[in-house]
Amino acid sequence: MPKPRVIYWFRTDLRLHDSPALAAALELKPSCLYPIWTWDPHYVYRARVGPNRWQFLLDCQEDLSKSITKLNPKSKLFLIREAPQTLFPKLFKEWKITHLVFEKDTDAYARQRDEAVMQIAKKAGVEVIVKVGRTLYDPDELVKQNKGKSTMSIAQVQSAGAKIGNIPRPIPSPTSLPDPGDLSLSFSPERPEETPDFNASHRESQDKSYQELSGPNNDFAIPTLSELGIKPATSPHRGGETLALSALSSILSDVAYTATFEKPKTAPTDFSPQSTTLLSPHLHFGSLSVREFYWRVQDIVTSFKSKGKKPSEPPTSLTGQLLFRDMYFGAQAAQGYAFAQTYNNSNIRFIPWHLPSTISPDNSLITGSYHVDDAQAESYFRRWKSGTTGFPFVDALMRQLRLEGWIHHLGRHMVACFLTRGGCYIDWERGAEVFEEWLIDHEVACNVGNWQWLSCTAFYSQYYRCYSPVAFGRKWDPEGAFVKKYVPELENFDKKYVYEPWKAPIADQKKWGCLVKGDGGGDESEATKEGLKNYPKPMFDFDTQRDICIQGMKNAYRVGLYGNDKRVLDGTWRTLFDDDAEGPTTGNDGIPGAQVDGAKEKDVDEGEDAGDFESDSKTAQKAKKPEHQKPKSARKREAGQSTLDGMVTRKKKKDQA
DNA sequence: GGGTGCGTTGCTTCG
DNA sequence: GCGAAGCAACGCACC
């Protein structure tokens, strides 16, 4: 029996500590071990990845490669620039591989890719070993223990998790690594299809990362941003296992913070330092093990408890945050590609949002482009994305997101609610795409799940609880320091007006150096002439728009369609939504379902100037609906919102009495 | 099958 | 400055 020649395939586990899959590879006692990364064109061109997340990935790879070399000077992370599906058949043969080892990945594309690779390995006589290490529980096992259904609540995760058993303790990092074998590559690579390139807008020059199979110097080097043609990163947050472990230790050195952490009580407006751990990008890239995080926290909590002190508990505690991550992975695992869209998804409520996704007739999946069914909604979307809505708290968050690739969880709630059910009535899939592009911690399962949560299409349904861009920011940061940092136009504004600068008297606006005027288009000549800065007026009256949205949600809940309903699939859902009753909230001249003549489609390949909606008379007319045609709620604010909280509180008090 | 309690993270007013 | 009440009224598990 020849000694094993092993490829360790790094993917979502860019670390050496607590890697069950790497431990399994070493248990084989291989004669040679190739730690590799396959430079997959699916990620390079077909995922939305902005400069900051690229930087974070490259940081993680560089750090891991250095750590490997420390354990064995002959080894490193060998980066091979070809899709795994076409690379592996050749690589197995050339390097005489006996085993392929990797960590399980339940993302929709990853499953498909890994299935193909396992078939290839089988054909080549290569044994495949797969281990779970990305989540606390194997998402498939979680689903199995949840009666085969998506995990849709924390209670379900806790109950299914209890059936699976204890979360394994982390495994120490290896202290040595075998040599790699012969590294020659005599075959020619398959060149990837470069279009569509979802990241074209982030490139300042052409991508050169596929010119040589083992890199420009034939040393299997990790590419640089400039090699990718990607613009420089702007985020202060950097990647790598070394940083992740030191950040974890530093956070956990504060025992009280660790043991009493309650997510809803952390401020979305805190910066330098922020109020949460910022470990999420490390969990995404695997530069931090989720089990390492879990057990280091859990041990502190146990010790805290043993001293008679009261720690916080899931779901608000630190470990609770990890359970939410597992919940979303469990939801995704059961649904596959359909998880990331409304169309043909039985778990998601159908709401006739504006700017709906285009659906491919071939596979019923979203294509990455969308319909501009309404001129005003497209304008709202652009202003939301560019941080020029005229609502300073929303704009500050969106600018922080674009610049730094991270915003606080509650900040994400604010802007997500604002874009969907609590402001613009725009499809959550548009927002999820922007987050995918800009977040350094973007995880499909968590991002999509949270957008469904915030848009009240799945996981959560209390649509009448709505975040106010004025009140919510003020609650956490009455002085407006956060807004002033990310919207410096308002840095001199009095705190009385910082969340609603349009209310400031003109004389004060001039005194504070910024005129609140226009729509954020940049051509505010009056301000420029006077040497003043300019900040846009709010793009709508929030209270009015919020009530329109709530009425729209109420109606959509009453209609009660889900994404897989026949009427959603064939387009007949439109007959169920009376436009006169719901007015501007219904995006019912677009998809899903049958195409409608005259509706504009915005393609992913179009530049920022695309989407010439002004020429579309139908949508233009709709945007200018006369006052009398608007729903009652749009004309006058009738009442505030409500929840059962008040009654529950009253009842409790009564019971206690 | 109806009622009740609860669900990580709302806002405003009032005392 | 704080906590409680009021607002209009979701789904789900459990009894």
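Here is the naming used below: chain letters follow the sequence lines, and residue numbers restart at 1 for every chain.
- Atom C1' of nucleotide C/dC12 and atom OH of A/Y557 are separated by 13 Å, given to the nearest angstrom.
- Nucleotide B/dT8: unpaired (no Watson-Crick or G-U wobble partner with both distances less than 3.5 Å).
- For the pair A/R474 (side chain) and A/G480 (backbone), a donor-acceptor distance under 3.5 Å is absent.
- Going from atom CZ of A/R546 over to atom C1' of B/dG10 covers 9 Å, rounded to whole Å.
- Spacing of P atoms, B/dC6 relative to C/dA5, comes out at 16 Å, to the nearest Å.
- The ring of A/Y463 does not lie on top of the base of C/dC10; it is either too far (5.5 Å or more) or too tilted (30° or more).
- Residue-level contact check: A/W453 touches the bases, meaning some heavy atom is under 4.0 Å from a base atom.
- Remark: A/K566 fails to qualify as a cation-pi partner of A/W573 under the 6.0 Å distance and 45° angle criteria applied to the six-membered ring.
- Taking the nucleotide of DNA chain C with the nearest heavy atom to each of A/Y562 and A/K554, the more 5' of the two is matched to A/K554.
- Base engagement by A/F324 is indicated by at least one non-hydrogen atom pair under 4.0 Å involving a base atom.
- A/K265 places its NZ atom 16 Å from the C1' atom of B/dG10, with the value rounded to the nearest Å.
- Rounded to a whole Å, the CG atom of A/D547 is 12 Å from the C1' atom of B/dC11.
- Atom CE of A/M414 is separated from atom C1' of B/dC11 by 12 Å (rounded to the nearest Å).
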For a side chain to side chain donor-acceptor pair (under 3.5 Å) check, start with the C-alpha distance between A/W451 and A/T457, then their side-chain angles and the critical distance, and finish with the verdict.
CA-CA 8 Å; A/W451 274 95; A/T457 51; over 6 Å; no

Does the side-chain contact (heavy atoms from CB on, under 4.5 Å) test come out yes or no for A/W512 and A/Y497, once each step is laid out?
CA-CA 11 Å; A/W512 296 328; A/Y497 296 111; 3.8 Å; yes

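- Taking atom C1' in both C/dG6 and B/dT8, the straight-line distance is 23 Å, to the nearest Å.
- Comparing B/dG10, B/dT8, C/dG11 by their closest approach to the side chain of A/S461 singles out C/dG11.
- At whole-Å resolution of the value, CZ in A/R465 and P in C/dG11 are 14 Å apart.
- Computed from coordinates, the A/N555 CG to C/dC10 C1' distance equals 15 Å when rounded to whole Å.
- Rounded to an integer number of Å, the gap from A/H409 NE2 to B/dT9 P is 10 Å.
- Distances were taken from every side-chain heavy atom of A/L410 (C-beta onward) to each of C/dC10, B/dT9, B/dT8; the shortest belongs to B/dT9.
- When heavy atoms are screened at a 4.0 angstrom cut-off, A/Q321 is found touching base atoms of the nucleic acid.
- Of the candidates C/dG11, B/dT12, B/dT8, B/dT8 carries the atom nearest the A/K263 side chain, counting heavy atoms from C-beta on.
- A salt bridge links A/D565 with A/R567: at least one charged nitrogen is closer than 4.0 Å to a carboxylate oxygen.
- Across all strands, A/R349 comes closer than 4.0 Å only to sugar-phosphate atoms, never to a base (heavy-atom distances).
- Pairing for C/dA9 is absent, with no Watson-Crick or G-U wobble pair whose two atom distances lie under 3.5 Å.
- Between A/F329 and A/Y137, the distance from one ring center to the other does not fall under 6.0 angstrom.
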